[in-house]
Amino acid sequence: MAAGLPALLLLLLAGLTAVNAVSTQASCLHTAREAALAAARGDNGADGEGAAPPGAEVSVSVDGDRVQATVRAPVRALGARLPRITVVATAVAAVEPGASEGDW
């Protein structure tokens, strides 16, 4: 019992950190999709940063007829001494016809 309880606590912390990382990944993917679609339409103000997790970095790049949005966000592990995990999500969208190139 004395050896099993710390192992159980460690597994619980690892599981909660994994759930936090997965939910942050989903939020990053949603933000990347919104940013890519907004840039493909030619919108420069609506890049989806409102839905981004705290501390996230959103970058949008245009390469010919494609727009790529990348979102990076740190995930704090449960435990003060553990390193942070960084999750990354990327979305690509085709530039819509009639979108002005000067807005990017």
Side-chain angles (χ1 to χ4, degrees):
M1 180 79 160
L5 194 56
L8 184 64
L9 184 62
L10 181 64
L11 284 175
L12 178 66
L13 288 176
L16 290 175
T17 300
V19 168
N20 190 15
V22 168
S23 68
T24 303
Q25 173 72 25
S27 180
C28 286
L29 184 58
H30 175 71
T31 302
R33 284 181 187 154
E34 291 296 320
L37 288 174
R41 287 190 303 262
D43 298 340
N44 59 357
D47 56 355
E49 288 185 18
E57 298 175 5
V58 179
S59 63
V60 177
S61 63
V62 179
D63 183 26
D65 61 345
R66 297 173 131 193
V67 176
Q68 180 176 356
T70 303
V71 179
R72 297 178 186 272
V75 176
R76 186 173 184 181
L78 297 176
R81 296 179 186 211
L82 297 176
R84 289 186 180 211
I85 302 167
T86 302
V87 294
V88 179
T90 303
V92 178
V95 175
E96 293 185 9
S100 60
E101 295 181 17
D103 290 341
W104 298 311

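Along the sequence shown, the residues carry numbers beginning at 1.
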Rounded at 0.5 Å granularity, tell me how far [atom1] in [X] sits from [atom2] in [Y].
X	Y	atom1	atom2	result
R72	C28	CZ	SG	10.5 Å
T31	E57	OG1	CD	13.0 Å
R66	S61	CZ	OG	11.0 Å

Testing the basics here: between [X] and [Y], what is the closest heavy-atom pair and its distance to 0.1 Å?
X	Y	value
P54	P74	O-CD, 4.3 Å
V67	A39	CG1-CB, 3.4 Å
A73	A56	CB-CB, 4.0 Å
V58	A35	CG1-CB, 4.2 Å

Results of side chain to side chain contact (heavy atoms under 4.5 Å, CB included) for [X] - residues two or more places apart only:
X	value
V19	none
L16	L12, L78
N20	S23, T24, V75

Please tabulate, for side-chain N and O atoms in residues 83-93, each donor-acceptor pair with protein atoms closer than 3.5 Å (sequence neighbours left out).
none

